[in-house]
Amino acid sequence: MKIAKILVDVPTRQTDRTFDYLVPAELFVECGMRVVVEFGRRKVTGFVVDFVDSTDFSGRLKEISEVIDDKPVLDQEQLKMAQFLAGQYFTFAVTNLWLMLPGMLKGKTEKYLIVHNLTDESLLPLFSEGTLRYDSKTLSATQQKKIRAALARNELEVVYSQSRVITKKYTEIINSKIALDDIPAEIDKLSKQNKYGQLFWQTVLTEGSPLAVKHLTKEIGIPRRVLTKLAQEGSIELSKVEIYRTPLAASPKKKSQLLTHTKEQSAAIKEIAASFDTDQTFLLEGITGSGKTEIYRALSEKVIKSGKKVIILVPEISLTPQMISFFQASFNDRIAVWHSRLSRGEQYDEWRRIKNNEVDLVLGVRSAIFVPLKDLGLIVVDEEHEKSYRQSENPQYDARELAKWRGNYHSCPVIFGSATPTLTSRAKAERQIYRLIRLDKRVNPNGHLPTVQIVDLRDRNNRSSKIFSEDLKRAMLERFERKEQTILFLNRRGYANFLECRNCGYTFNCPNCDVSLTLHLFEHRLSCHYCGYKCAIPMSCPNCHETDLRSFGDGTEKVEEEIKQLNPEITTIRMDRDTTSRKGSYQKIISQFEHHEADILVGTQSVAKGLNFPEVTLVGVLNADISLNRPEFDASEVTFDLLTQVAGRAGRGQTAGKVIIQTYNPNHYAIKEAKDQNYERFFREEMYLRRLHGYLPYYYTIFIKVTSKEEMLALKTALDLQKLLSENKNEQTQILGPAPYYIKRINNEYTYQLALKYKKDEKMKMTLHEIIDQTQSNNKVKINISNVTC
DNA sequence: AGCACGCCGACT
DNA sequence: GTCGGCGTGCTC
Ligand SMILES: [Zn+2]
Ligand SMILES: [Zn+2]
């Protein structure tokens with residue numbers, strides 16, 4: 001019998017390898033299909049990744065129990081990509097495979113128990129519905145033992161089924177049984193009173209067959225009973241066909257306008273097109289408004305004409321209806337969109353359209369890098385500096401790395417586009433690894449650039465309140481008078497992030513974490529942003545019982561309150577994680593603000609940046625230092641990117657906008673260069689510091705976080721790791737730590753962190769893989785690894 | 001991750 | 001005696 005190598009869906013270090021299974025002759029199995037196999041004493045889902053003739057397993061091989069798919073759901077490239085991910089990001093092979101499937105196919109093989117004739121009465125309540133979803137976590141040990149006994153007596157039966165059922169959408173159609181040529185004769189046979197019969201055949205004559213029943217009943221106005229009767233008579237046939245659930249708007253058939261290209265655009269297109277059959281990476285460094293998107297479109301057109309496909313990655317926030325219709329205008333329904341707002345059904349159907357070769361271009365967010373397009377001719381990563389291209393949860397893959405991997409696999413060019421490229425990309429361009437193309441001119445040179453003012457928060461004379469400087473306050477009130485809109489950024493949600501007793505100095509901290517509790521006046525709670533702990537706002541100090549409590553660290557809620565005090569007529573709208581967590585609420589806030597239902601939008605950077613509103617003529621960054629002072633090596637870069645983006649966009653309409661940046665560090669280079677929109681100078685200054693401190697792009701960094709409920713165990717494990725790694729690394733690699741993580745205790749778990757700075761050290765990476773296998777065998781310690789390369 | 005096995009203290 | 005808690009080890 002044939003032998004299949006199978007990755008089982010048991011994501012642990014110890015099972016992170018293939019297991020051999022026999023393929024029964026009656027089963028049709030191919031690589032990339034999902035199967036059900038017996039693993040130990042239970043059944044799990046597995047992926048067939050290879051076939052071999054012999055095994056080196058000494059025991060008796062089991063047979064594959066069941067095949068889930070009738071054709072492969074993963075192709076050869078995706079299987080290879082999963083391997084690459086495992087090596088690069090220290091993740092389980094099987095976890096990587098799930099990453100490439102649409103949500104509808106992500107399911108477990110679940111165990112159910114069916115009752116036959118249960119004699120053990122104590123178990124009866126569990127089986128009130130006749131069956132029980134077996135989950136050892138929710139059943140006590142005693143219950144499990146009793147169930148085992150009942151199974152042995154054949155009073156219960158085990159069945160397995162898939163946790164997720166695939167749904168498809170169907171629509172009803174009619175097929176004419178009468179040939180088109182014979183229809184006029186058919187119409188003649190009908191009596192003049194048969195209004196609907198006449199109408200029906202006329203419609204078939206002009207629009208052809210088949211036709212959607214819904215179209216005939218809703219739009220043409222033929223009653224359903226007429227169609228049923230025609231079907232009974234045998235002159236038409238009613239049937240159901242599948243239709244794709246599509247997120248695309250019923251294409252407004254807006255013809256693409258022929259845009260004339262600037263000299264810079266034409267040159268860029270020409271240069272990249274000349275490299276179509278290489279895997280060259282291009283860095284398209286272009287200021288806001290220099291027309292990068294049109295370059296992507298024009299190149300895509302060339303690629304698709306030659307029979308190849310395109311992936312364009314954009315940040316979630318840029319994937320607007322305007323962006324979609326821009327590409328739709330050129331490529332019609334041959335495009336697919338891919339983002340988290342798709343329903344499970346829509347995503348599944350987009351995935352199948354891609355797999356069935358019905359799509360030439362995929363426009364999507366990070367996870368779109370995994371779509372099964374064959375024959376790629378171009379991959380674009382727009383706004384390549386965006387942090388969201390790296391997934392923050394496991395597996396912590398980086399879509400930019402994968403874009404280059406796929407470019408190499410298909411021998412096609414990759415374009416990284418940004419006004420503020422990552423230091424890594426820009427440095428690679430400097431070393432000729434990437435080809436640098438700069439766009440310094442705006443497509444519309446008459447558009448006004450906003451004026452940028454930096455306000456020194458240390459200047460007491462220019463201070464109106466804790467939050468606003470006089471200048472910003474005045475500017476805001478002016479906009480309100482003129483009925484123009486304002487956006488204010490503050491990277492801190494809630495009312496205040498610190499509550500203190502003025503009498504004894506007691507501070508309210510989270511009982512589970514080493515952080516202060518954030519005050520949320522809107523929902524009347526103190527809450528922890530790290531573990532989710534919530535409690536009522538205390539009226540008095542638990543220590544001295546005084547009631548004089550005071551808050552520090554103003555957040556977005558407090559900003560709204562101060563604006564109300566300034567002028568109660570100004571309406572505000574808040575946009576942060578608290579107001580956008582509900583599905584659709586984000587979209588709703590945007591549309592409300594677009595329709596001028598509020599004068600001022602107060603948002604956190606991470607949620608509200610990158611938005612564009614034509615009536616906004618003032619943008620205020622309330623405290624640039626919050627992002628500048630974050631304890632991360634790229635805090636300056638992130639701040640510069642944000643400020644540059646803000647300063648490049650405000651006031652795109654007729655009037656030039658104004659940007660006010662409030663800071664305690666007005667002379668910081670990240671702030672000064674952002675004001676001047678001078679990326680190149682920022683790049684030089686930041687590179688100097690990165691080199692001095694040995695950070696990216698001079699060194700890659702692997703962060704290893706060791707977490708445990710027992711602090712000493714976390715520390716000891718981290719120390720052991722440090723020792724083992726230091727014996728198995730090359731000279732260039734440096735190990736920093738272990739040190740307590742910047743918040744040592746989160747949710748009553750303690751974290752110690754190691755940082756490995758390396759340039760090229762395969763030995764160290766190998767060792768790390770091996771060590772982890774051994775260390776993580778007990779579940780008292782969690783190890784999290786992020787490999788930061790971009 | 002499950003799931004079983006085996007060892008040891010405690011309780012009808 | 002036997003019940004149940006947890007540590008250990010294996011899964012083709
Ligand atoms: Zn007190
Ligand atoms: Zn907490």
Side-chain angles (χ1 to χ4, degrees), chain A residues 1-25 27 29 31 33-68 86 90-99 106-113 120 122-123 132-152 156-164 393-395 707-710 713 716-717 770 772-784:
Chain A
M1 245 189 282
K2 210 162 50 160
I3 294 168
K5 292 216 164 282
I6 291 177
L7 282 171
V8 290
D9 184 26
V10 184
T12 61
R13 289 290 167 195
Q14 293 129 83
T15 50
D16 187 25
R17 59 187 178 88
T18 58
F19 289 84
D20 294 347
Y21 283 85
L22 293 168
V23 184
L27 292 186
V29 190
C31 272
M33 283 187 181
R34 292 174 303 158
V35 292
V36 178
V37 290
E38 208 179 303
F39 190 61
R41 213 164 272 252
R42 66 210 164 109
K43 285 190 176 177
V44 296
T45 308
F47 290 90
V48 180
V49 295
D50 202 4
F51 290 107
V52 287
D53 297 322
S54 65
T55 180
D56 39 20
F57 179 61
S58 55
R60 222 185 102 252
L61 293 185
K62 291 180 177 172
E63 291 186 359
I64 292 176
S65 316
E66 231 178 282
V67 184
I68 299 176
F90 305 89
T91 47
F92 311 125
V94 73
T95 315
N96 301 337
L97 292 179
W98 285 121
L99 218 47
K106 289 180 193 172
K108 291 206 167 314
T109 299
E110 290 179 337
K111 184 174 172 179
Y112 287 85
L113 295 172
D120 188 339
S122 63
L123 287 175
L132 173 74
R133 165 77 222 286
Y134 186 87
D135 181 1
S136 63
K137 280 202 205 81
T138 57
L139 295 168
S140 74
T142 320
Q143 284 174 323
Q144 291 186 44
K145 201 162 225 175
K146 284 177 179 169
I147 287 172
R148 230 169 291 145
L151 277 166
L156 293 172
E157 190 194 347
V158 180
V159 290
Y160 289 89
S161 79
Q162 296 304 310
S163 64
R164 207 157 266 163
E393 316 86 54
N394 270 331
T707 303
S708 172
K709 288 208 183 296
E710 297 162 44
L713 190 60
K716 190 185 168 297
T717 310
E770 285 165 21
I772 300 276
D773 291 355
Q774 296 149 23
T775 323
Q776 221 166 23
S777 57
N778 69 49
N779 53 10
K780 282 186 162 180
V781 198
K782 280 184 274 181
I783 298 178
N784 182 303

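Atom set for the values below is all heavy atoms of this structure, side chains included, hydrogens, waters and symmetry mates excluded. Protein chains get the first letters and strands the later ones, always in sequence-line order, with residue 1 at the start of each.
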Is there a side-chain contact between Leu22(A) and Lys2(A), using heavy atoms and a 4.5 Å cut-off?
no

Stepwise side chain to side chain contact (heavy atoms under 4.5 Å, CB included) check, Arg34(A) with Asp9(A)
CA-CA 10 Å; Arg34(A) 292 174 303 158; Asp9(A) 184 26; over 6 Å; no

Given Val37(A) and Phe19(A), is the side chain to side chain contact (heavy atoms under 4.5 Å, CB included) satisfied, shown in steps?
CA-CA 10 Å; Val37(A) 290; Phe19(A) 289 84; over 6 Å; no

Exactly one of Asp50(A), Asp20(A), Asp53(A) clears salt bridge (charged side-chain N to carboxylate O under 4.0 Å, His left out) with Lys5(A), and that residue is Asp20(A)

Counting any heavy atom closer than 4.0 Å, what does Lys111(A) reach on the DNA or RNA strands: base, sugar-phosphate only, or nothing?
sugar-phosphate

Heavy atoms only, 4.0 Å cut-off, all strands: where does Arg17(A) land among base, sugar-phosphate and nothing?
base

Please report the closest heavy-atom contact between Met1(A) and Pro24(A), naming both atoms and the distance.
SD-CA, 3.7 Å

Which pairs, protein N/O on one side and nucleotides 7-12 of chain B N/O on the other, fall under 3.5 Å?
none

Which atom pair, heavy atoms only, marks the closest approach of Pro395(A) to Thr95(A)?
CD-CG2, 4.0 Å

Are there more than 12 heavy atoms of other residues, nucleotides or ligands under 6.0 Å from atom NZ of Lys145(A)?
no

Tyr134(A) versus Glu110(A): any side-chain heavy-atom pair under 4.5 Å?
no

Please classify the nucleic acid contact of Glu38(A) as base, sugar-phosphate, or nothing, using heavy-atom distances under 4.0 Å.
sugar-phosphate

Compare side-chain N and O positions of Arg42(A) against OP1 and OP2 of dC3(B) and report whether any pair is under 4.0 Å apart.
no

Starting at atom CD of Gln144(A), determine the distance to atom C1' of dG2(B), rounded to an integer number of angstrom.
9 Å

Side-chain N,O (Lys145(A)) to OP1/OP2 (dA4(B)) below 4.0 Å:
no

Across the strands shown, which category fits Tyr21(A) at heavy-atom distances under 4.0 angstrom: base, sugar-phosphate, nothing?
sugar-phosphate

Taking any atom closer than 4.0 angstrom to a non-hydrogen atom of chain A, what span of DNA chain C does the protein reach, first nucleotide to last?
dG4(C) to dC12(C)

